[in-house]
Amino acid sequence: MFQSISQCLNSTTSTLFHARQVHAHFLKFGLFSNTQLTTTLLTLYSHYLPFPQLKIILSSLPQPTIFSFSSIIHSFARSQHFHHVLGAFSQMGSRGLVPDSYLLPSAIKACAVLKALKPGRQVHAFASVNGFGSDSVLMSSLVHMYLKCNRIEDAQKLFDGMCERDVIVWSAMIAGYSRLGIVDRAKELFNEMRNEGVEPNLVSWNGMIAGFCNAGSYDEVVMLFREMISDGFFPDGSTVSCVLPGIGNMEDVLMGEQVHGYVIKQGLESHNFVLSALLDMYGRCGCASEMSRVFDEIDQTEIGSLNAYLTGLSRNGLVDTALEVFKKFKAREMELNVVTWTSIISSCSQNGKDMEALQLFRDMQADGVEPNAITIPSLIPACGNISRLTHGKEIHCFSLRNGIFDDVYVSSALIEILEKSEKLSIEIKKSGYLPMTKSVLQDVEEQDKEQILCGHSEKLAVVLGLINTSPGQPLQVIKNLRICVDCHAVIKIISRLEGREIFVRDTNRFHHFKDGVCSCGDFW
DNA sequence: ATAGGGTTAG
(Lines give C-alpha, C1' and ligand atoms only; values in the text may rest on other atoms or scores of the structure.)
Protein backbone atom coordinates (compact mmCIF):
# COMPACT_ATOMS: atom_id res chain seq x y z
CA MET A 1 0.00 0.00 0.00
CA PHE A 2 2.89 2.34 0.79
CA GLN A 3 4.10 1.95 -2.72
CA SER A 4 0.78 2.81 -4.29
CA ILE A 5 0.40 5.90 -2.11
CA SER A 6 3.91 6.95 -2.97
CA GLN A 7 3.18 6.50 -6.67
CA CYS A 8 0.03 8.52 -6.37
CA LEU A 9 1.96 11.30 -4.64
CA ASN A 10 4.68 11.39 -7.22
CA SER A 11 2.37 11.34 -10.21
CA THR A 12 2.61 14.50 -12.26
CA THR A 13 -1.15 14.65 -12.60
CA SER A 14 -1.56 15.01 -8.84
CA THR A 15 -3.69 17.87 -7.67
CA LEU A 16 -4.62 19.38 -4.37
CA PHE A 17 -7.68 17.16 -4.46
CA HIS A 18 -5.53 14.03 -4.70
CA ALA A 19 -3.22 15.29 -2.00
CA ARG A 20 -6.19 15.72 0.32
CA GLN A 21 -7.44 12.22 -0.47
CA VAL A 22 -4.06 10.74 0.37
CA HIS A 23 -3.88 12.91 3.44
CA ALA A 24 -7.19 11.42 4.56
CA HIS A 25 -5.71 7.93 4.20
CA PHE A 26 -2.75 8.98 6.29
CA LEU A 27 -5.09 10.11 9.03
CA LYS A 28 -7.30 7.05 8.77
CA PHE A 29 -4.48 4.51 8.89
CA GLY A 30 -2.05 6.44 11.08
CA LEU A 31 0.68 6.63 8.47
CA PHE A 32 2.32 9.75 9.82
CA SER A 33 5.02 7.68 11.46
CA ASN A 34 6.39 6.91 8.03
CA THR A 35 8.51 10.01 7.56
CA GLN A 36 9.33 9.23 3.96
CA LEU A 37 5.67 9.28 3.02
CA THR A 38 4.91 12.41 4.98
CA THR A 39 7.77 14.21 3.26
CA THR A 40 6.34 13.41 -0.14
CA LEU A 41 2.89 14.50 0.94
CA LEU A 42 4.33 17.66 2.37
CA THR A 43 6.18 18.44 -0.85
CA LEU A 44 3.03 17.89 -2.84
CA TYR A 45 1.10 20.16 -0.54
CA SER A 46 3.83 22.78 -0.68
CA HIS A 47 2.98 23.40 -4.33
CA TYR A 48 -0.73 23.84 -3.75
CA LEU A 49 -1.38 25.12 -0.29
CA PRO A 50 -1.03 28.75 0.76
CA PHE A 51 1.57 29.56 3.32
CA PRO A 52 -0.53 29.65 6.53
CA GLN A 53 -1.91 26.19 5.96
CA LEU A 54 1.54 24.82 5.26
CA LYS A 55 2.68 26.20 8.58
CA ILE A 56 -0.14 24.38 10.35
CA ILE A 57 0.74 21.12 8.67
CA LEU A 58 4.40 21.48 9.62
CA SER A 59 3.55 22.04 13.26
CA SER A 60 1.20 19.06 13.23
CA LEU A 61 3.92 16.61 12.19
CA PRO A 62 4.81 14.31 15.09
CA GLN A 63 8.38 13.67 13.95
CA PRO A 64 9.59 16.22 11.43
CA THR A 65 12.88 15.30 9.79
CA ILE A 66 15.49 17.24 7.89
CA PHE A 67 13.55 16.29 4.75
CA SER A 68 10.25 17.70 5.94
CA PHE A 69 11.95 20.91 7.03
CA SER A 70 13.79 21.08 3.75
CA SER A 71 10.60 20.72 1.79
CA ILE A 72 8.81 23.36 3.81
CA ILE A 73 11.68 25.83 3.99
CA HIS A 74 12.19 25.80 0.23
CA SER A 75 8.53 26.41 -0.19
CA PHE A 76 8.62 29.35 2.23
CA ALA A 77 11.54 30.76 0.29
CA ARG A 78 9.67 30.38 -3.03
CA SER A 79 6.73 32.32 -1.65
CA GLN A 80 9.08 34.95 -0.19
CA HIS A 81 8.11 34.37 3.43
CA PHE A 82 11.65 35.03 4.56
CA HIS A 83 10.91 35.66 8.22
CA HIS A 84 9.38 32.21 8.37
CA VAL A 85 12.31 30.67 6.54
CA LEU A 86 14.49 31.80 9.42
CA GLY A 87 11.87 30.78 11.95
CA ALA A 88 11.61 27.26 10.58
CA PHE A 89 15.36 27.13 10.32
CA SER A 90 15.92 27.86 13.99
CA GLN A 91 13.11 25.50 14.94
CA MET A 92 14.97 22.85 13.04
CA GLY A 93 18.12 23.64 14.98
CA SER A 94 16.39 23.45 18.32
CA ARG A 95 15.20 19.96 17.43
CA GLY A 96 18.80 18.96 16.87
CA LEU A 97 18.43 18.62 13.10
CA VAL A 98 21.48 19.68 11.09
CA PRO A 99 21.01 21.48 7.76
CA ASP A 100 22.87 20.34 4.66
CA SER A 101 24.63 22.41 2.03
CA TYR A 102 21.49 22.57 -0.11
CA LEU A 103 19.38 24.06 2.61
CA LEU A 104 21.83 26.70 3.78
CA PRO A 105 21.58 28.97 0.71
CA SER A 106 17.85 29.40 1.34
CA ALA A 107 18.56 30.51 4.88
CA ILE A 108 21.33 32.83 3.70
CA LYS A 109 19.09 34.32 1.05
CA ALA A 110 16.51 35.07 3.74
CA CYS A 111 19.23 36.82 5.76
CA ALA A 112 20.17 38.81 2.68
CA VAL A 113 16.62 39.95 1.94
CA LEU A 114 15.97 40.80 5.58
CA LYS A 115 19.42 42.38 5.90
CA ALA A 116 19.93 40.19 8.94
CA LEU A 117 23.70 40.31 9.28
CA LYS A 118 24.01 38.53 12.61
CA PRO A 119 22.25 35.29 11.66
CA GLY A 120 23.99 35.56 8.30
CA ARG A 121 27.38 35.50 10.02
CA GLN A 122 26.24 32.59 12.18
CA VAL A 123 25.33 30.55 9.12
CA HIS A 124 28.68 31.51 7.59
CA ALA A 125 30.50 30.22 10.66
CA PHE A 126 28.45 27.03 10.60
CA ALA A 127 29.24 26.50 6.93
CA SER A 128 32.99 26.97 7.50
CA VAL A 129 33.08 24.59 10.47
CA ASN A 130 31.23 21.95 8.49
CA GLY A 131 33.56 22.08 5.54
CA PHE A 132 31.24 23.77 3.06
CA GLY A 133 33.87 26.42 2.31
CA SER A 134 34.43 25.17 -1.19
CA ASP A 135 30.77 24.91 -2.18
CA SER A 136 30.57 27.72 -4.71
CA VAL A 137 26.78 28.08 -4.63
CA LEU A 138 26.86 28.40 -0.86
CA MET A 139 29.76 30.86 -1.02
CA SER A 140 27.93 32.90 -3.67
CA SER A 141 24.90 33.22 -1.47
CA LEU A 142 27.15 34.44 1.37
CA VAL A 143 28.78 36.99 -0.92
CA HIS A 144 25.34 38.23 -1.86
CA MET A 145 24.25 38.36 1.77
CA TYR A 146 27.24 40.49 2.78
CA LEU A 147 26.63 42.83 -0.15
CA LYS A 148 22.98 43.28 0.81
CA CYS A 149 24.06 44.05 4.36
CA ASN A 150 26.50 46.67 3.05
CA ARG A 151 29.50 44.64 4.20
CA ILE A 152 31.35 45.11 0.97
CA GLU A 153 34.75 44.21 2.41
CA ASP A 154 33.50 40.90 3.78
CA ALA A 155 31.95 40.16 0.40
CA GLN A 156 35.12 41.05 -1.49
CA LYS A 157 37.23 38.89 0.82
CA LEU A 158 35.01 35.85 0.33
CA PHE A 159 34.83 36.49 -3.40
CA ASP A 160 38.64 36.72 -3.66
CA GLY A 161 38.95 33.38 -1.89
CA MET A 162 36.59 31.53 -4.21
CA CYS A 163 38.23 29.14 -6.63
CA GLU A 164 35.29 28.80 -9.00
CA ARG A 165 33.65 32.09 -9.84
CA ASP A 166 30.76 31.76 -12.24
CA VAL A 167 28.63 34.42 -13.91
CA ILE A 168 26.19 34.43 -11.00
CA VAL A 169 28.67 35.43 -8.31
CA TRP A 170 30.30 37.97 -10.65
CA SER A 171 26.87 39.48 -11.30
CA ALA A 172 26.16 39.61 -7.59
CA MET A 173 29.39 41.54 -7.04
CA ILE A 174 28.68 43.92 -9.91
CA ALA A 175 25.16 44.60 -8.69
CA GLY A 176 26.40 44.98 -5.11
CA TYR A 177 28.92 47.68 -5.97
CA SER A 178 26.33 49.30 -8.27
CA ARG A 179 23.70 49.51 -5.54
CA LEU A 180 26.19 51.26 -3.29
CA GLY A 181 26.86 53.78 -6.02
CA ILE A 182 30.45 52.59 -6.58
CA VAL A 183 29.82 52.34 -10.29
CA ASP A 184 33.42 52.63 -11.46
CA ARG A 185 34.32 49.54 -9.48
CA ALA A 186 31.25 47.79 -10.90
CA LYS A 187 32.44 48.50 -14.41
CA GLU A 188 35.94 47.34 -13.48
CA LEU A 189 34.53 44.03 -12.24
CA PHE A 190 32.52 43.73 -15.43
CA ASN A 191 35.73 43.96 -17.47
CA GLU A 192 37.64 41.66 -15.12
CA MET A 193 34.91 39.08 -15.54
CA ARG A 194 35.32 39.23 -19.31
CA ASN A 195 39.08 38.93 -19.01
CA GLU A 196 38.67 35.79 -16.97
CA GLY A 197 36.65 34.32 -19.79
CA VAL A 198 33.32 34.44 -17.99
CA GLU A 199 30.76 35.84 -20.42
CA PRO A 200 28.40 38.47 -18.92
CA ASN A 201 24.73 37.68 -19.26
CA LEU A 202 21.55 39.74 -19.13
CA VAL A 203 21.56 39.87 -15.34
CA SER A 204 25.14 41.19 -15.27
CA TRP A 205 24.17 43.98 -17.66
CA ASN A 206 21.00 44.77 -15.72
CA GLY A 207 22.85 45.03 -12.44
CA MET A 208 25.32 47.48 -13.88
CA ILE A 209 22.73 49.59 -15.69
CA ALA A 210 20.65 49.78 -12.51
CA GLY A 211 23.68 51.12 -10.65
CA PHE A 212 24.40 53.87 -13.15
CA CYS A 213 20.70 54.76 -13.21
CA ASN A 214 20.66 55.04 -9.41
CA ALA A 215 23.80 57.14 -9.46
CA GLY A 216 22.13 59.51 -11.93
CA SER A 217 24.71 58.84 -14.68
CA TYR A 218 22.10 58.83 -17.39
CA ASP A 219 24.46 59.22 -20.34
CA GLU A 220 26.23 56.11 -19.19
CA VAL A 221 22.91 54.27 -18.79
CA VAL A 222 21.99 54.93 -22.39
CA MET A 223 25.48 54.04 -23.62
CA LEU A 224 25.43 50.72 -21.77
CA PHE A 225 21.94 50.05 -23.09
CA ARG A 226 23.16 50.53 -26.67
CA GLU A 227 26.26 48.44 -26.00
CA MET A 228 24.32 45.49 -24.63
CA ILE A 229 22.01 45.53 -27.61
CA SER A 230 24.92 45.57 -30.04
CA ASP A 231 26.37 42.66 -28.06
CA GLY A 232 23.27 40.71 -29.03
CA PHE A 233 21.28 40.88 -25.81
CA PHE A 234 17.55 41.42 -25.68
CA PRO A 235 16.66 43.82 -22.86
CA ASP A 236 13.98 42.48 -20.54
CA GLY A 237 11.57 44.17 -18.15
CA SER A 238 14.32 44.89 -15.62
CA THR A 239 16.56 46.54 -18.20
CA VAL A 240 13.79 48.68 -19.57
CA SER A 241 12.61 49.88 -16.19
CA CYS A 242 16.17 50.97 -15.39
CA VAL A 243 16.75 52.67 -18.72
CA LEU A 244 13.48 54.60 -18.83
CA PRO A 245 14.20 56.79 -15.77
CA GLY A 246 17.47 57.77 -17.44
CA ILE A 247 15.69 58.62 -20.68
CA GLY A 248 13.00 60.53 -18.81
CA ASN A 249 15.59 62.52 -16.97
CA MET A 250 17.26 63.54 -20.21
CA GLU A 251 13.81 64.25 -21.66
CA ASP A 252 14.76 62.30 -24.76
CA VAL A 253 11.23 61.60 -26.03
CA LEU A 254 12.43 60.04 -29.28
CA MET A 255 14.45 57.42 -27.51
CA GLY A 256 11.60 56.93 -25.05
CA GLU A 257 9.25 56.20 -27.91
CA GLN A 258 11.73 53.74 -29.39
CA VAL A 259 11.87 51.87 -26.11
CA HIS A 260 8.06 51.95 -25.94
CA GLY A 261 7.96 50.32 -29.37
CA TYR A 262 10.43 47.70 -28.21
CA VAL A 263 8.31 47.03 -25.12
CA ILE A 264 5.29 46.33 -27.31
CA LYS A 265 7.28 44.18 -29.72
CA GLN A 266 8.71 42.04 -26.93
CA GLY A 267 5.43 41.83 -25.05
CA LEU A 268 6.86 43.46 -21.93
CA GLU A 269 3.67 45.40 -21.24
CA SER A 270 2.47 42.58 -19.07
CA HIS A 271 4.89 43.75 -16.40
CA ASN A 272 3.18 46.46 -14.47
CA PHE A 273 6.46 48.02 -13.41
CA VAL A 274 7.46 48.45 -17.05
CA LEU A 275 4.26 50.36 -17.76
CA SER A 276 4.77 52.48 -14.66
CA ALA A 277 8.28 53.31 -15.87
CA LEU A 278 6.90 54.24 -19.30
CA LEU A 279 4.26 56.42 -17.71
CA ASP A 280 6.87 58.13 -15.58
CA MET A 281 9.12 58.69 -18.61
CA TYR A 282 6.32 60.34 -20.61
CA GLY A 283 5.45 62.44 -17.59
CA ARG A 284 9.01 63.73 -17.33
CA CYS A 285 9.12 64.42 -21.04
CA GLY A 286 5.96 66.52 -20.83
CA CYS A 287 3.88 64.09 -22.94
CA ALA A 288 0.70 64.19 -20.85
CA SER A 289 -1.61 62.52 -23.35
CA GLU A 290 0.81 59.64 -23.97
CA MET A 291 1.04 59.28 -20.21
CA SER A 292 -2.73 58.96 -19.86
CA ARG A 293 -2.82 56.43 -22.68
CA VAL A 294 -0.30 54.27 -20.84
CA PHE A 295 -2.27 54.61 -17.62
CA ASP A 296 -5.37 53.26 -19.35
CA GLU A 297 -3.46 50.06 -20.14
CA ILE A 298 -2.11 49.62 -16.63
CA ASP A 299 -3.51 47.26 -14.04
CA GLN A 300 -5.22 49.98 -12.06
CA THR A 301 -5.80 47.86 -9.01
CA GLU A 302 -2.16 48.40 -8.14
CA ILE A 303 -1.71 51.47 -6.03
CA GLY A 304 1.80 52.10 -7.37
CA SER A 305 0.48 52.76 -10.86
CA LEU A 306 -2.07 55.27 -9.60
CA ASN A 307 0.62 57.01 -7.58
CA ALA A 308 2.90 57.28 -10.59
CA TYR A 309 0.05 58.73 -12.64
CA LEU A 310 -0.91 61.34 -10.04
CA THR A 311 2.72 62.43 -9.77
CA GLY A 312 2.97 62.66 -13.55
CA LEU A 313 -0.19 64.75 -13.86
CA SER A 314 1.04 67.06 -11.14
CA ARG A 315 4.43 67.41 -12.81
CA ASN A 316 2.64 68.62 -15.92
CA GLY A 317 0.52 71.13 -14.07
CA LEU A 318 -2.69 69.13 -14.58
CA VAL A 319 -3.93 69.50 -11.02
CA ASP A 320 -7.60 69.40 -11.87
CA THR A 321 -7.20 66.14 -13.74
CA ALA A 322 -5.16 64.79 -10.85
CA LEU A 323 -7.92 65.74 -8.41
CA GLU A 324 -10.54 64.17 -10.66
CA VAL A 325 -8.59 60.91 -10.91
CA PHE A 326 -7.93 60.94 -7.19
CA LYS A 327 -11.61 61.38 -6.36
CA LYS A 328 -12.59 58.68 -8.82
CA PHE A 329 -10.31 56.15 -7.20
CA LYS A 330 -11.30 57.21 -3.71
CA ALA A 331 -14.96 56.67 -4.66
CA ARG A 332 -14.04 53.16 -5.82
CA GLU A 333 -12.93 52.52 -2.27
CA MET A 334 -9.48 51.67 -3.43
CA GLU A 335 -7.06 51.61 -0.53
CA LEU A 336 -5.02 54.79 -0.86
CA ASN A 337 -1.66 54.91 0.86
CA VAL A 338 0.64 57.69 2.13
CA VAL A 339 2.24 58.08 -1.28
CA THR A 340 -1.14 58.62 -2.96
CA TRP A 341 -2.21 61.21 -0.42
CA THR A 342 1.14 62.97 -0.38
CA SER A 343 1.15 63.07 -4.15
CA ILE A 344 -2.24 64.78 -4.43
CA ILE A 345 -1.54 67.11 -1.49
CA SER A 346 1.75 68.16 -3.00
CA SER A 347 0.06 68.65 -6.37
CA CYS A 348 -2.51 71.03 -4.86
CA SER A 349 0.04 72.75 -2.68
CA GLN A 350 2.38 73.46 -5.58
CA ASN A 351 -0.34 74.76 -7.82
CA GLY A 352 -1.95 77.35 -5.60
CA LYS A 353 -4.81 75.18 -4.33
CA ASP A 354 -3.98 75.95 -0.72
CA MET A 355 -7.30 75.22 0.92
CA GLU A 356 -7.65 71.93 -0.97
CA ALA A 357 -4.16 70.87 0.11
CA LEU A 358 -4.90 71.53 3.78
CA GLN A 359 -8.32 69.89 3.57
CA LEU A 360 -6.74 66.79 2.01
CA PHE A 361 -4.17 66.77 4.79
CA ARG A 362 -7.05 66.53 7.27
CA ASP A 363 -8.93 63.99 5.14
CA MET A 364 -5.97 61.64 5.01
CA GLN A 365 -5.72 61.60 8.79
CA ALA A 366 -9.46 61.11 9.09
CA ASP A 367 -9.01 58.14 6.77
CA GLY A 368 -6.45 56.68 9.12
CA VAL A 369 -3.43 57.25 6.88
CA GLU A 370 -0.43 58.63 8.74
CA PRO A 371 1.41 61.49 7.04
CA ASN A 372 5.14 60.93 6.79
CA ALA A 373 8.34 62.94 6.48
CA ILE A 374 7.53 63.81 2.87
CA THR A 375 3.94 64.90 3.44
CA ILE A 376 4.87 67.77 5.76
CA PRO A 377 7.39 69.56 3.54
CA SER A 378 4.97 69.27 0.63
CA LEU A 379 2.59 71.55 2.54
CA ILE A 380 5.03 74.47 2.63
CA PRO A 381 3.70 76.36 -0.39
CA ALA A 382 0.10 76.01 0.79
CA CYS A 383 0.83 77.39 4.23
CA GLY A 384 3.01 80.15 2.86
CA ASN A 385 0.30 81.48 0.59
CA ILE A 386 -2.43 81.41 3.15
CA SER A 387 -0.19 83.16 5.65
CA ARG A 388 -2.22 81.94 8.53
CA LEU A 389 -0.45 80.81 11.65
CA THR A 390 -3.17 78.34 12.59
CA HIS A 391 -2.32 76.02 9.73
CA GLY A 392 1.36 76.08 10.51
CA LYS A 393 0.57 75.33 14.11
CA GLU A 394 -1.76 72.51 13.17
CA ILE A 395 0.97 70.83 11.16
CA HIS A 396 3.54 71.53 13.84
CA CYS A 397 1.34 69.85 16.46
CA PHE A 398 0.84 66.91 14.19
CA SER A 399 4.60 66.45 13.75
CA LEU A 400 5.24 66.62 17.47
CA ARG A 401 2.49 64.13 18.20
CA ASN A 402 3.80 61.66 15.70
CA GLY A 403 7.46 61.90 16.52
CA ILE A 404 8.51 62.72 12.97
CA PHE A 405 9.90 65.99 14.17
CA ASP A 406 13.45 64.69 14.27
CA ASP A 407 13.55 64.40 10.51
CA VAL A 408 15.76 67.18 9.10
CA TYR A 409 13.45 67.87 6.18
CA VAL A 410 10.37 68.01 8.36
CA SER A 411 11.97 70.38 10.82
CA SER A 412 13.30 72.73 8.18
CA ALA A 413 9.94 72.62 6.43
CA LEU A 414 8.25 73.59 9.66
CA ILE A 415 10.63 76.46 10.15
CA GLU A 416 9.81 77.63 6.67
CA ILE A 417 6.08 77.33 7.26
CA LEU A 418 6.28 79.08 10.59
CA GLU A 419 8.57 81.77 9.30
CA LYS A 420 6.18 82.47 6.48
CA SER A 421 3.15 82.48 8.85
CA GLU A 422 4.97 84.73 11.39
CA LYS A 423 6.16 86.75 8.14
CA LEU A 424 9.39 86.43 10.04
CA SER A 425 11.42 85.28 7.06
CA ILE A 426 10.46 88.32 4.96
CA GLU A 427 11.26 90.64 7.82
CA ILE A 428 14.61 88.98 8.32
CA LYS A 429 15.40 89.32 4.61
CA LYS A 430 14.27 92.96 4.70
CA SER A 431 16.82 93.67 7.42
CA GLY A 432 19.51 93.03 4.86
CA TYR A 433 20.29 89.49 5.90
CA LEU A 434 22.07 87.31 3.35
CA PRO A 435 22.47 83.59 4.08
CA MET A 436 26.12 82.94 4.93
CA THR A 437 26.48 79.83 2.91
CA LYS A 438 30.20 79.69 3.75
CA SER A 439 29.13 78.12 7.01
CA VAL A 440 27.95 75.09 5.08
CA LEU A 441 30.94 72.85 4.62
CA GLN A 442 29.18 70.19 2.62
CA ASP A 443 29.88 70.13 -1.11
CA VAL A 444 26.41 71.05 -2.40
CA GLU A 445 24.74 73.68 -4.60
CA GLU A 446 24.24 77.24 -3.28
CA GLN A 447 20.46 76.83 -3.04
CA ASP A 448 20.84 73.63 -1.06
CA LYS A 449 23.23 75.43 1.24
CA GLU A 450 20.55 77.98 2.10
CA GLN A 451 18.22 75.08 2.81
CA ILE A 452 20.76 73.45 5.10
CA LEU A 453 21.32 76.69 6.99
CA CYS A 454 17.59 76.96 7.48
CA GLY A 455 17.61 73.60 9.22
CA HIS A 456 20.37 74.38 11.73
CA SER A 457 19.27 73.25 15.14
CA GLU A 458 19.83 76.57 16.91
CA LYS A 459 17.55 78.42 14.49
CA LEU A 460 15.06 75.62 14.84
CA ALA A 461 15.20 75.89 18.60
CA VAL A 462 14.70 79.65 18.54
CA VAL A 463 11.77 79.55 16.12
CA LEU A 464 10.14 76.80 18.13
CA GLY A 465 10.72 78.81 21.28
CA LEU A 466 8.99 81.75 19.66
CA ILE A 467 5.79 79.88 18.96
CA ASN A 468 5.69 77.93 22.18
CA THR A 469 6.14 80.84 24.57
CA SER A 470 4.22 84.05 25.05
CA PRO A 471 5.51 87.24 23.44
CA GLY A 472 8.34 88.97 25.24
CA GLN A 473 9.44 85.95 27.25
CA PRO A 474 13.19 85.31 27.08
CA LEU A 475 14.48 82.15 25.36
CA GLN A 476 17.34 79.86 26.32
CA VAL A 477 19.16 77.52 23.97
CA ILE A 478 21.97 75.14 24.90
CA LYS A 479 24.09 73.71 22.14
CA ASN A 480 26.86 71.13 22.28
CA LEU A 481 28.63 72.56 19.22
CA ARG A 482 29.74 76.02 18.30
CA ILE A 483 27.00 78.25 16.86
CA CYS A 484 27.56 79.13 13.20
CA VAL A 485 27.98 82.69 11.90
CA ASP A 486 24.74 82.53 9.97
CA CYS A 487 22.66 81.47 12.96
CA HIS A 488 24.39 84.13 15.01
CA ALA A 489 23.32 86.80 12.53
CA VAL A 490 19.75 85.53 12.24
CA ILE A 491 19.22 85.30 15.98
CA LYS A 492 20.46 88.88 16.36
CA ILE A 493 17.78 90.02 13.90
CA ILE A 494 15.09 87.91 15.55
CA SER A 495 15.89 89.39 18.96
CA ARG A 496 15.19 92.83 17.53
CA LEU A 497 12.13 91.97 15.43
CA GLU A 498 10.44 89.97 18.14
CA GLY A 499 11.64 92.06 21.06
CA ARG A 500 13.04 89.03 22.86
CA GLU A 501 16.08 88.31 24.92
CA ILE A 502 17.67 85.12 23.68
CA PHE A 503 20.43 83.25 25.47
CA VAL A 504 22.50 80.73 23.57
CA ARG A 505 25.18 78.67 25.27
CA ASP A 506 27.57 77.07 22.81
CA THR A 507 30.89 75.30 23.41
CA ASN A 508 32.77 78.58 23.42
CA ARG A 509 30.74 81.10 25.39
CA PHE A 510 27.37 82.54 26.35
CA HIS A 511 25.68 84.65 23.73
CA HIS A 512 23.12 87.10 25.00
CA PHE A 513 21.06 88.51 22.15
CA LYS A 514 19.06 91.68 22.78
CA ASP A 515 17.75 94.43 20.49
CA GLY A 516 19.71 93.08 17.55
CA VAL A 517 23.03 93.01 19.39
CA CYS A 518 24.96 90.11 20.90
CA SER A 519 26.92 90.25 24.13
CA CYS A 520 29.92 88.67 22.45
CA GLY A 521 30.31 91.92 20.49
CA ASP A 522 30.36 89.83 17.34
CA PHE A 523 33.60 88.37 18.57
CA TRP A 524 31.66 85.12 17.91
C1' DA B 1 12.20 11.36 0.55
C1' DT B 2 14.14 17.25 0.40
C1' DA B 3 16.77 20.16 -3.71
C1' DG B 4 20.60 25.96 -3.77
C1' DG B 5 23.03 31.44 -5.51
C1' DG B 6 22.74 36.85 -9.03
C1' DT B 7 19.29 41.78 -11.84
C1' DT B 8 14.19 45.24 -11.70
C1' DA B 9 10.02 48.17 -8.86
C1' DG B 10 7.65 52.05 -5.59
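Order of the sequence lines fixes the chain letters, A, B, ..., with proteins taken first and strands second; residue numbering starts at 1 for each chain.
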Sugar-phosphate, base or nothing in reach of Asp166(A), heavy atoms under 4.0 Å:
base
Does Ile174(A) reach a base, just sugar-phosphate, or nothing at all? Heavy atoms under 4.0 Å.
nothing
Looking just at side-chain N and O atoms, do Ser305(A) and Asn272(A) make a donor-acceptor pair shorter than 3.5 Å?
yes
Return no unless some side-chain N or O of His144(A) is found under 4.0 Å from OP1 or OP2 of dG5(B).
no
In whole angstrom, give the distance that lies between atom CG of Leu103(A) and atom C1' of dG5(B).
14 Å
Between dG5(B) and Ser141(A), counting only base atoms on the nucleotide and side-chain atoms on the residue, is there a donor-acceptor pair under 3.5 Å?
no
Between atom NE2 in His74(A) and atom C1' in dT2(B), what is the gap in whole Å?
7 Å
Round to a whole Å and report the spacing from CG of Leu202(A) to C1' of dG6(B).
12 Å
OP1, OP2 of dG6(B) versus side-chain N and O of Lys109(A): anything below 4.0 Å?
yes
Is a side-chain donor or acceptor of Arg284(A) paired with a backbone partner of Pro245(A) at a separation under 3.5 angstrom?
no
Taking N and O atoms by type only, does the side chain of Asn206(A) place a donor or acceptor under 3.5 Å from a partner on the base of dG6(B)?
no
Between Arg179(A) and dT7(B), does any side-chain N or O lie under 4.0 Å from OP1 or OP2?
yes
Testing dA1(B), dT7(B), dG4(B) for proximity to the side chain of Leu138(A), the answer is dG4(B)
Centre of Tyr146(A)'s six-membered ring, under 6.0 Å away, within 45 degrees of the axis: is that where NZ or CZ of Arg151(A) sits?
no
Going by modelled atom types, is there a donor-acceptor pair between the base of dG4(B) and the side chain of Asp135(A) at under 3.5 Å?
yes
Looking for any heavy atom pair under 4.0 Å, which part of the strands does Val167(A) touch: base, sugar-phosphate only, or nothing?
base
Once you round it to whole Å, what is the distance between P of dT2(B) and CG of Leu37(A)?
11 Å
For a quick check of understanding: with a heavy-atom distance under 4.0 Å over all strands, which category does Ser101(A) fall into, base, sugar-phosphate or nothing?
base
Nearest heavy-atom contact between Arg165(A) and Val198(A) is O-CG2, 3.8 Å
Carefully, step by step, assess Ser346(A) and Ser378(A) under the rule side chain to side chain donor-acceptor pair (under 3.5 Å).
CA-CA 5 Å; Ser346(A) 142; Ser378(A) 79; 5.1 Å; no
